[in-house]
Amino acid sequence: MSKNVLDLNPTDAKKFFINQESFSNIELPPYFSFTKLLTVITKSFKDKELAFDDLKKAKKYETVNHILYGNKDGKYAWRKYEIINPLLYVSLVNVIAQKDNWKLLQDRFKKFQGDKNIECESIPVLPKYKSKQRASQISQWVNNIEKKSVTLALEYKFLYQTDITDCYGSIYTHSIPWAIHTKDESKRKQKYTDLFGNKIDHHIQAMSYGQTNGIPQGSILMDFIAEIVLGYADTELSKKLNVVLKDKKFHILRYRDDYRIFTNDTTDGDVILKCLSETLIGFGFRMNTNKTYSCDDVVTGSIKPDKIEALKFEAVPKKLSKKELLRQLMIVQQIGKWHPNSGTLKNRLSKILDAVNDKDFYNQQKLITSLLIDIAYNNPNAFPVIAGLVSSCISKLTIKSKKELLLKIQNKICNLSNIGLIEIWIQRMSIGLRFKLLLNEKLCKAVDGEAQNIFITDWIDDAVIKKSIEDKSYIDKAKISKTKTLIDKKEVQVFDSYYN
């Protein structure tokens, strides 16, 4: 069983959060590294936290964090990610990892997990040796949600599934102190600026122009804070179910905002959904009716539809021919039409990247590039691994041909809306060719040496910290100078090998 962050002492918990992967789990090229900046601020700030007056100053600015947009479906659906202002981030970690505060959180989570009928499987886990944090979290989902769901088919006849609409964007920041101190106590002490839960609340408001709705998405720390609220919601749901269902048998698996409900009676399933909806409304959440459904085949229902779809096709072979490469990409294209941005799609692309050789692209580079970009256009979340495949595909072409293809890729992809993350990876391809593109994303402009305020620092009084942020030390110029045309697999793959 994997250890999670709650198993750590306060010192190690702080080290876990003051870490590149915990700070930002957004897929970025390796020349973006916040390790040095976080280290400088941590040493300068030590175990201190921002005063309430400093947080009030930060609240006056609309964008103290850096906002990135990711396109979800190649059309109008998009997701807002944020790279948190590093001083606010370090200060918030210092608050959470303070000895008494951390002990209080550990005790609260024990309370949240008191009902054995409701299991949470999404507490951030500790990465295994040399593995990426995201890889460990994915493995946690597969083992503790998907496989456990199949196992529960031995005991239950029906499976209900639902999730929360725009979970992170809907979290009411005042519900964080509710979860930590109980609703009654936190309301009684709402104006106590020294109350632990209120400190977290005010830090998040400082990141969001003083707004009390929504928390930033894109970091392990915010995943953990979301779990504080969702864990408290679990206890409120438990109270309701203990009254209406009493001794009836049921089981709930929760992974972040996704719920799987197992019962032996459809009436019980409907009652649980009703109680869940009522509980969520009390926290400002809404149950996603478009993703709420039930089935009487627990095994099949436990597996994601994109994985079921993939069973129709043979696995990606470890060696590819020119003909087989095209066939495999056509399979990915079809999966992408039915299940956009799915894990199966990215998994198959990563296996193709593992298996492909230069000779497989010979005399069909433009054809394959066109096919890959068509897949990317409809599945933007898969663009990093597609960029890796494109770089491999065009590696043997002349510089002139590479640049011509890259411009065509840019012209095609830039027709999409909210493409900041895609632009970053298009720039990664251009850097390897020593070819500058005109891009709108601020991080791209910063990499090109243009003066850009990625993080607002006007509210910061500490001159050392302010300068360290403004110096853009999170851009590793040495790595940029060594960047090659060919994108290394480690840059774009979550797991070291998809054949492991």
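Between the CG atom of Asp166 and the CD atom of Gln217 there is a distance of 8.0 Å, given to the nearest 0.5 Å. For the atom pair CG (Asn381) and CG (Leu345), the distance works out to 10.0 Å, reported to the nearest 0.5 Å.
A cation-pi geometry, defined here as NZ or CZ lying under 6.0 Å from the six-membered ring centre and within 45° of its normal, does not hold between Lys396 and Tyr362.
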(request) Assess whether side-chain contact (heavy atoms from CB on, under 4.5 Å) is satisfied between Asn288 and Asp257, documenting all intermediate values. (result) CA-CA 10 Å; Asn288 190 341; Asp257 61 336; over 6 Å; no
(message) Apply side-chain contact (heavy atoms from CB on, under 4.5 Å) to residues Leu326 and Leu367 and explain how you reach the verdict.
(response) CA-CA 9 Å; Leu326 286 173; Leu367 171 64; 3.9 Å; yes
(request) Take Tyr232 and Phe112 through the side-chain contact (heavy atoms from CB on, under 4.5 Å) test and state the conclusion after the steps. (result) CA-CA 6 Å; Tyr232 186 47; Phe112 299 159; 4.0 Å; yes
(message) With salt bridge (charged side-chain N to carboxylate O under 4.0 Å, His left out) as the criterion, how do Glu423 and Lys442 come out once you've worked through the C-alpha distance, each side chain's angles and the decisive distance to 0.1 Å?
(response) CA-CA 10 Å; Glu423 283 195 322; Lys442 280 188 175 183; over 6 Å; no
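Nearest heavy-atom pair, Leu6 versus Gln106, reported as atom, atom and distance to 0.1 Å: O-NE2, 2.9 Å. Heavy-atom minimum distance, Gln137 versus Val125: OE1-N, 3.2 Å. Between Leu438 and Gln410, the shortest heavy-atom contact is O-NE2, 3.0 Å. Here the closest heavy-atom approach between residue Lys199 and residue Asp194 is recorded as CE-O, 3.6 Å. In terms of heavy atoms, Lys318 sits closest to Ala355 at O-CB, 3.4 Å. Taking both residues in full, the closest heavy atoms of Lys59 and Gln205 are given as NZ-OE1, 3.5 Å, listed atom of the first, atom of the second, then distance.
When Thr42, Val90, Leu8, Asn19 are each tested for a side chain to side chain contact (heavy atoms under 4.5 Å, CB included) with Lys14, only one passes: Thr42.
Taking the charged nitrogens against the carboxylate oxygens, Lys57 and Asp53 have no contact shorter than 4.0 Å, which rules out a salt bridge.
In summary, the side chains of Asn94 and Gln98 do not present any donor paired with an acceptor at a separation below 3.5 Å, with no hydrogens or angles considered.
Residues forming a ring-ring contact (aromatic ring centres under 6.0 Å, His included) with Trp425 (at least two apart in sequence, or on another chain): none. Partners of Phe23 under the ring-ring contact (aromatic ring centres under 6.0 Å, His included) rule, at least two apart in sequence or in another chain, are Phe34, Tyr89.
Counting only distance, with no hydrogens or angles, the side chain of Lys466 and the backbone of Asp461 share no donor-acceptor pair below 3.5 Å. Under the 3.5 Å distance criterion, the side-chain polar atoms of Asp360 are matched with a main-chain donor or acceptor of Asn357. With Ser392 contributing its side chain and Gly388 its backbone, the two residues share no donor-acceptor pair below 3.5 Å.
Aromatic ring orientation, His174 versus Tyr172: perpendicular (interplanar angle above 60°, classes split at 30° and 60°).
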